[in-house]
Amino acid sequence: MTQTNLSTFQPLGRFRWVILFCSCMCNAFTWGTLYSCGILYSCWCREFPTTSKAFISLVGALPVAVGCVLGPVHGIIIRKIGYRNATILGGLLMSSGWMISSFMNSMMGLLITFGLLTGFGAGLANFAGSTALNDYYIKDRVFAEGVVGSALSFVMFISTEILQKLTEAYTWKGGMLIFGAIHLHLCVVGLFLIRPDQASTHALNYWKKKTNSYQVTTSLDTTETIRMVEDCNQNIDKNALARKIVEAEEKQNQTGPPKRSIKEFMKISWKLWGKPSFMLLIISDSFSWMATYIPFVHLVERARQLDIDDETSALISSCNGIGGAIGRVFLAIVFQKIKIHPLYAYAITQSLAGLATMLSPLWSTTEGLFVYATIFGFMSGGYGYIKASVALMLGRELYGISFSWFLLLEGFGLALGPTIGGLLYSSTKSYDMTFIFSGGLIFISGAMCVWKNMVESCELVNNDDYDEKVKLSDDALELKITAISHVI
């Protein structure tokens with residue numbers, strides 16, 4: 001059941017902030033902590049000197065890669081068990097992967113425990129948190145993504161410093177064991193990821209009993225009700241709208257919520273792959289993730305190759321987090337104020353981050369690396385903007401299916417990029433080409449988004465596409481039509 005305030009409409013009131021906080025924690029305790037793997041990469045290079053740096057890079061990048069590649073599988077699991085249970089399950093698997101990895105004595109063992117098990121759990125918990133955020137935040141999605149990205153950066157900064165201290169005190173094995181215990185907090189966070197249609201009566205919602213005038217109890221999808229009220233918020237007869245919502249609820253209770261089969265999933269996916277806007281977004285995102293993870297994996301070792309001590313090298317890497325914690329929120333607020341399209345915000349941040357990375361070999365000193373890491377972190381919020389672009393350009397109804405394919409290609413890029421970076425170092429004995437390669441791809445991923453208007457103008461929307469979209473959101477459209485017709 002959902003409490004819907006029709007007078008000053010804020011979906012589920014203050015509980016949205018709980019969802020935002022929990023989504024932040026899901027992002028922070030998955031990708032945020034895994035981005036600190038540069039500390040582990042450097043430890044493994046010294047622990048296993050006969051193993052190639054390319055293979056060690058692959059193991060370090062594999063958790064995030066696996067978490068993304070299995071996006072379609074995670075989507076199916078979330079639809080089956082809900083994002084609350086999926087977050088708890090992902091937290092248990094991720095924690096187990098970290099802890100079991102502490103008992104491994106070979107890189108092949110770490111490939112399985114850290115790369116596969118930790119990656120599967122991290123991807124499941126992260127996707128679940130992102131799905132919950134998508135259900136609660138609509139028009140202010142860019143701001144929400146900025147806050148979530150800032151939390152990721154802040155935890156990345158903290159976890160890099162903590163992991164460095166733990167590896168110094170207890171070796172990398174002891175550090176991974178303790179990190180595994182810390183990640184059990186994901187299970188606690190998952191308890192609060194409650195679906196909108198259950199939140200208003202759920203025991204974990206502190207504000208569940210608070211009511212006011214023009215508040216309606218309904219089990220309809222809250223996000224669709226939000227959209228309807230946003231479209232009809234002028235001169236609306238709130239009592240009549242309340243009756244319409246209750247009537248629609250009774251109809252939904254008789255028919256039950258629509259569910260998509262695997263066949264329907266593949267049919268919609270086939271149509272998506274024929275859309276130029278989808279191709280633009282997914283190619284740009286794939287280029288970005290092939291390159292973005294390279295600095296996180298190789299920056300610490302690059303600093304050590306310049307005879308910078310271990311503690312300073314870790315601090316350089318953690319500056320990514322400091323820059324991101326400040327930059328992601330600041331830029332999200334700026335872009336929202338000037339009302340720029342999320343894809344153009346993505347193009348700006350990616351292009352600047354790419355230029356900084358390509359030019360970083362020109363200033364290969366301690367001060368230069370500090371400046372580069374801070375700038376890169378400050379401009380590292382592009383991922384949130386492209387997620388918002390997917391919802392805006394392809395439709396919120398298709399967000400889950402679309403993003404499943406995004407995650408799949410992101411995973412391949414994440415596994416391939418750092419591995420290529422390691423090979424470039426092995427062949428040149430320098431990280432200069434590694435960072436030039438990374439910066440070039442990041443710049444291309446942003447620059448190609450200037451074609452947005454051209455791609456959208458040449459995109460043909462046939463009747464089959466329209467009918468499919470109407471079918472997916474039939475209940476939401478019917479509810480909107482009844483509300484609008486009543487206002488008229």
Legend entry - Qualifying residues under ring-ring contact (aromatic ring centres under 6.0 Å, His included), relative to H74, sequence neighbours excluded: F120
Inset, instruction - Go through the structure and list residues passing ring-ring contact (aromatic ring centres under 6.0 Å, His included) with Y425, not counting sequence neighbours. - result: Y431
Inset, instruction - Identify, with sequence neighbours excluded, every residue that meets side-chain hydrogen bond (donor to acceptor under 3.5 Å, both in side chains) alongside T292. - result: S288
Legend entry - With sequence neighbours excluded, residues passing side-chain hydrogen bond (donor to acceptor under 3.5 Å, both in side chains) with T160: none
Legend entry - Sequence-distant partners of K173, salt bridge (charged side-chain N to carboxylate O under 4.0 Å, His left out), two or more places apart: none
Legend entry - Those residues that, when tested against E47, pass salt bridge (charged side-chain N to carboxylate O under 4.0 Å, His left out) (two or more places apart): none
When you measure from the side chain of [X] to the backbone N and O of [Y], does any donor-acceptor pair fall under 3.5 Å?
| X | Y | result |
| --- | --- | --- |
| R16 | Y136 | yes |
| S313 | I308 | yes |
| T87 | G190 | no |
| S95 | L92 | no |
| S130 | F127 | no |

Report yes if the side chains of [X] and [Y] come closer than 4.5 Å at any heavy-atom pair, otherwise no.
| X | Y | answer |
| --- | --- | --- |
| T374 | I322 | no |
| M94 | F179 | no |
| I88 | C187 | yes |
| W31 | M156 | no |
| T349 | F335 | yes |
| L299 | F435 | yes |
| I348 | I340 | yes |
| W405 | S269 | yes |

Inset, instruction - Give a yes or no on this: more than 12 heavy atoms of other residues, nucleotides or ligands lie within 6.0 Å of atom CZ of F287. - result: no
Inset, instruction - Kindly check if the number of other-residue, nucleotide or ligand heavy atoms within 6.0 Å of CZ (F154) is above 12? - result: no
Heavy-atom closest contact ([X] atom, [Y] atom, distance):
| X | Y | answer |
| --- | --- | --- |
| A151 | A28 | O-CB, 3.9 Å |
| A353 | M379 | CB-CB, 3.9 Å |
| G180 | M99 | CA-CG, 3.6 Å |
| A347 | C449 | CB-CB, 3.9 Å |
| F443 | S351 | CD1-O, 3.5 Å |

Inset, instruction - Look at the aromatic rings of F330 and F378 and report parallel, tilted or perpendicular, splitting at 30° and 60°. - result: tilted
Sequence neighbours excluded, which residues qualify as side-chain contact (heavy atoms from CB on, under 4.5 Å) partners of [X]?
| X | value |
| --- | --- |
| F21 | M25 |
| V148 | L20, S23, C24, N27, L133 |
| L424 | I420, T434, F437 |
| L409 | W273, I282, S286, F412 |

Donor-acceptor list for residues 109-119 side chains, cut-off 3.5 Å, not counting sequence neighbours:
unit_1, atom_1, unit_2, atom_2, d
T113, OG1, S101, OG, 2.9
T113, OG1, G109, O, 3.1
T118, OG1, W98, N, 3.4
T118, OG1, T113, O, 3.3

Inset, instruction - Sequence neighbours left out, what pairs pass side chain to side chain donor-acceptor pair (under 3.5 Å) with at least one residue falling in residues 436-449? - result: Q350-S445
